[in-house]
Structures are given as C-alpha cells and as structure tokens.
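This report refers to the structure that appears directly beneath it.
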Amino acid sequence: MTSSLRLEKITPENVDAALELRVRPEQEKNVASVATSLAEAYAFGDNAWPRLIFDGDELVGFLMAFVDIQWAPKKDPNDRRSGLWRLNIAADRQGRGYGRFAVESVIAEVRRTGGSKVYVSWEPGEHSPEEFYLKLGFRPTGETTGGQPVGVLDL
C-alpha cells in the first residue's frame with residue numbers, strides 16, 4: 001500500500017463527498033450508509049471514531065470505530081470494548097487494500113487508547129464481509145449483536 005493513504009476527520013469541506021460514498025449495490029444490505037453512521041457517531045459522541053479514507057486526494061472509503069463503549073450494559077455494565085463499527089469502501093475502489101488499511105488504522109487507534117482486543121461484527125449471508133475479517137485474523141466469539149456474528153482480534 002502506498003504512503004498516500006491517510007485518514008481524515010469529517011469536516012464541513014468533505015462531508016458532502018462522504019455522504020455520496022457508495023458500496024457495491026449487492027453490499028448495501030450488509031452495511032449502513034455513511035449518513036446513518038454519522039448520525040450514530042453524533043449520538044455516541046466520544047465513543048465513536050468516524051474517519052474518511054483518502055488515497056492522495058481521492059476519497060476511497062469511510063470507517064467508524066467504537067472506542068471503550070459499553071458492549072451490553074444491561075448484561076454486564078463493566079464489559080467495555082473497542083473495534084470496527086463500520087467499513088464502507090467505494091464500489092469502484094474495492095480489492096485494492098483500502099479495507100486492510102482501514103482495519104489496521106482501527107487497530108492502531110485501539111492500541112493508542114490502551115485496548116488489547118479489537119471487535120467487529122458482520123452481516124451473515126451472501127456478499128458478507130466475514131471472509132475478509134477472518135483473513136485479517138479475527139476469530140468468531142460465538143456471540144451475536146443485532147443478529148450479526150461477533151469477531152475478535154487479540155492485540
């Protein structure tokens with residue numbers, strides 16, 4: 001991957017481009033839109049870490065991490081986790097390593113904040129990103145969240 005890859009915060013200057021970002025049509029059922037993600041980021045405040053992925057001047061993706069969030073507050077209020085919440089790579093930019101860069105960026109942020117595990121969940125079924133996450137070293141925990149299998153990567 002080239003050194004021209006970088007993450008940027010969402011700003012008034014790039015928010016419109018972020019909102020136009022689209023995954024492949026067959027993947028739309030597997031991941032929420034950037035607009036939905038930004039609304040959730042607003043609602044979750046300091047626990048959400050939304051970023052745009054640029055290759056040079058080109059917007060190629062969006063990621064959102066969750067950092068030190070209460071996982072299941074009613075079940076165990078002390079279970080706090082960090083991980084990848086959303087990953088949207090532009091339809092015509094997939095298969096070029098941007099997803100791997102995004103996951104590595106989330107891993108670096110979780111490490112920076114003192115975390116020792118990174119969590120992710122995925123929509124099961126056709127066109128699922130499950131294989132992608134398993135190839136990156138995530139292993140299923142046996143848990144589900146919102147009907148989605150949960151994976152974990154030990155740091």
Please name all residues satisfying ring pair (Phe, Tyr, Trp, His ring centres under 6.0 Å) with Y119, sequence neighbours left out, ordered by chain then number.
W71
Can you list everything that forms a side chain to side chain donor-acceptor pair (under 3.5 Å) with R80? Sequence neighbours excluded, please.
D68
Heavy-atom closest contact (G83 atom, V118 atom, distance)
CA-CG1, 3.8 Å
Hey, does L5 have a side-chain heavy atom less than 4.5 Å from the side chain of F54?
no
Checking side-chain contact (heavy atoms from CB on, under 4.5 Å) for the pair F101/L7: CA distance, chi angles, key distance, verdict?
CA-CA 10 Å; F101 171 79; L7 298 181; 3.7 Å; yes
Residue set satisfying side chain to side chain donor-acceptor pair (under 3.5 Å) with T36, at least two apart, ordered chain then number -> S33
Do the side chains of V34 and V31 join up, straight or via other hydrophobic residues, at under 4.5 Å, putting them in one cluster?
no
Donor-acceptor check, side chain of T11 to backbone of N14, threshold 3.5 angstrom: yes or no?
yes
Sequence neighbours excluded - salt bridge (charged side-chain N to carboxylate O under 4.0 Å, His left out) pairs with any residue from residues 125-145
R81-E143, E131-K135, R139-D154
side-chain contact (heavy atoms from CB on, under 4.5 Å) partners of S116, counting only residues at least two apart
none
Check: E8 side chain, L52 main-chain N or O, donor-acceptor pair, under 3.5 Å:
no
Results of ring pair (Phe, Tyr, Trp, His ring centres under 6.0 Å) for F132 - residues two or more places apart only:
none
Side-chain donor-acceptor distances from residues 58-66 under 3.5 Å, at least two apart:
{"from": "E58", "atom 1": "OE2", "to": "R93", "atom 2": "NE", "distance (Å)": "2.4"}
{"from": "E58", "atom 1": "OE2", "to": "R93", "atom 2": "NH2", "distance (Å)": "2.7"}

In this structure, which one of L84, V110, I107, V106 forms a side chain to side chain contact (heavy atoms under 4.5 Å, CB included) with L153?
I107
For D46, side-chain contact (heavy atoms from CB on, under 4.5 Å) partners two or more places apart
none
CG of N30 to OG of S128, rounded to nearest 0.5 Å, is 6.0 Å
Answer yes or no: is there a side-chain heavy-atom contact under 4.5 Å between I10 and L38?
yes
Pairs satisfying salt bridge (charged side-chain N to carboxylate O under 4.0 Å, His left out), at least one member in residues 18-42, at least two apart:
E40-R86
Give the intermediate values and the outcome of side-chain contact (heavy atoms from CB on, under 4.5 Å) for residues N47 and V67.
CA-CA 5 Å; N47 297 111; V67 180; 5.6 Å; no
Minimum heavy-atom separation for I89 to G99, with atom names?
CD1-N, 3.9 Å
side-chain contact (heavy atoms from CB on, under 4.5 Å) evaluation trace for W49 with W85:
CA-CA 9 Å; W49 193 70; W85 194 344; over 6 Å; no
Set of residues satisfying ring pair (Phe, Tyr, Trp, His ring centres under 6.0 Å) with respect to Y133, sequence neighbours excluded
F138
Same cluster or not: are V120 and L155 linked, directly or through other Ile, Leu, Val, Met, Phe, Trp or Tyr residues, by side-chain heavy atoms under 4.5 angstrom apart?
yes
Any idea which heavy atoms bring G151 and T141 closest together, and the distance?
C-CG2, 4.1 Å
Once you round to the nearest 0.5 Å, how far does CG of L21 lie from CG of D16?
13.0 Å
With no hydrogens and no angle check, is any side-chain donor or acceptor of R6 less than 3.5 Å from a backbone partner on G56?
yes
Check for me, please, whether V150 and F44 land in the same ILVMFWY cluster - side-chain distances under 4.5 Å, paths through other members count.
yes
Indicate the atoms forming the closest heavy-atom contact of P73 with Q70, along with that distance.
CB-OE1, 3.8 Å
Check whether S121 reaches the backbone of T145 with its side chain - one donor and one acceptor, N or O, closer than 3.5 Å.
no
Could I get the full list of side chain to side chain donor-acceptor pair (under 3.5 Å) partners for D76, not counting sequence neighbours?
none
Sequence neighbours excluded, the answer for salt bridge (charged side-chain N to carboxylate O under 4.0 Å, His left out) partners of E109 is R112
Side-chain contact, heavy-atom cut-off 4.5 Å: P149 with P124?
yes
